[in-house]
Amino acid sequence: MQHDAVTERRNNIAPIPFEADAPHLKIVGELPRELNGTLYRNGPNPQFDSPGAHWFVGDGMLHAFHLENGRASYRNRWVRTPKWLAEHDAGRALFGGFGRKLPDAPANLTDGGVANTNIIFHAGKLLALEEAHPPTEIEPGTLATCGYHNYQGRVAGSFTAHPKVDPVTGELVFFGYNAAGPLTPALSYGSIDASGKATRFERFEAPYASMVHDFIVTANHVLFPILPITGSMERAMSGRPPYAWEPDKGAYVGVMKRNGTAKDIVWFRSEACYVFHVMNAWEDGDRIVAHVMQFEEAPLFPHPDGRPTDPEKSRARHCRWTFDLSGNTDRFQQTYLDDLTGEFPRIDDRRAGLKSRHGWYACANPRLPMFGALSGIVHVDGNGRRLGHYLLPAGDTISEPVFVERSKDAPEGDGWLLAVVWRARENRSDLAVFNATDIEAGPAALVQLGHRVPDGFHGNWVGAA
Ligand SMILES: [Fe+2]
């Protein structure tokens, strides 16, 4: 029967229909005593089925693994967004894809935010993020939803799910796309200081309207990738895909000095590609080097006429981008560093924006037929060379690996890697704890859940104070 269950359930996308508190979870192996804190993870978990809704727009569900003195507990909660509350009251879905309301939804219901993409801790606040709406503040212990946080009214509109914290200043640097309304080419850019005060917020025009999922921040520069998953109101209004793959638009990356303004942005060009996630980037003399997971063609989004993109090309590989700031060229270089399919790159965040010598990402197993499913982890050096590689048992899948340093002053990369693993045969999940510099040895400890955590997006570790 187990075999049948695996055959029928080929993936771990479907939502779970409950919220739970699980104290004293079973642990296999030994949980490092130094791991005191909570891993928060976010991802789509639709409260109700909504016909045709994209995976990206499911209601956010938070999963918190609390580790303390070698013990572990777990709690999950939906984020109580205005959409979630209205649908909960109605007992059915009121929204379809990308903020589109279903025809019978109440006219006064306008906010389709789902807060489902990332969860970060900055300036004493735990914030659930989703790129089309402001951050949603979450109470760290209970996971109760406190509501939108707009920095005393100084930040408005969309706010990326991938802001960067400067490890030197503690500043949170962010941007937003669709900043002048849905499917517009306007971007916003801003910063929040280490005390939680908004210090900057401005808007500018990008070359075209596109989905801008992540960006690049170094010690002195900020880079805005405009890549051709284009947004089109005209398509949306005529029932065609609001977002579509249009490689003819080309790839642009805007480079701005952090102490400059949007007027000074220099646009670099290159071959069409798509990038959801940046691993890290740094300055090297007159150059900026960025490590990204690059797709030749966009995954998950069709051509403008609805045709799917080429699955062989719609997979990401570790790629280095190089920008020459000396003024010799407006082209940037793209160099693939590995042939493995991978996603969800992370680093030791104490090196964010600075040259780093360690990175990790989830990867596919090229020997398995379900090629593309993320079922392993790779550890790489600052040139993308593999330092370690671990593959799960066949059928199991893994989420984003989150690095936790052994102590505040431990050397870069010295610590653990935490990732949620789906056990396909048992149809439940483990929190796997790896030694970050020896992932080949496999998990040093597994925290076992009785249920599964659906595939999701991003998370972060918040250490005990
Ligand atoms: Fe992301």
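When a ligand or atom number is given, it counts from 1 through the structure's own listing order. These numbers come from the heavy atoms of this one structure, side chains and all, not from hydrogens, waters or symmetry mates.
Every salt bridge (Lys or Arg N to Asp or Glu O under 4.0 Å) that Asp284 has, sequence neighbours left out, goes to Arg287. Listed by chain and residue number, nothing satisfies the salt bridge (Lys or Arg N to Asp or Glu O under 4.0 Å) test with Glu205 (two or more places apart in sequence, or in another chain).
Put simply, the side chain of Arg203 reaches to within 4.5 Å of the side chain of Ser188, judged on heavy atoms.
Near-neighbour remark for the Fe ion (ligand 1): protein N, O or S atoms under 2.8 Å are His162 NE2, His213 NE2, His277 NE2, His458 NE2; waters not counted.
Here salt bridge (charged side-chain N to carboxylate O under 4.0 Å, His left out) pairs that include residues 244-258, with residues two or more places apart or in two chains, are Asp166-Arg258, Glu171-Arg258, Arg235-Glu246.
With respect to Arg317 and Asp339, a salt bridge is recorded, a charged nitrogen being found less than 4.0 Å from a carboxylate O.
Centroid-to-centroid, the aromatic rings of Tyr177 and Phe175 stay 6.0 Å apart or farther.
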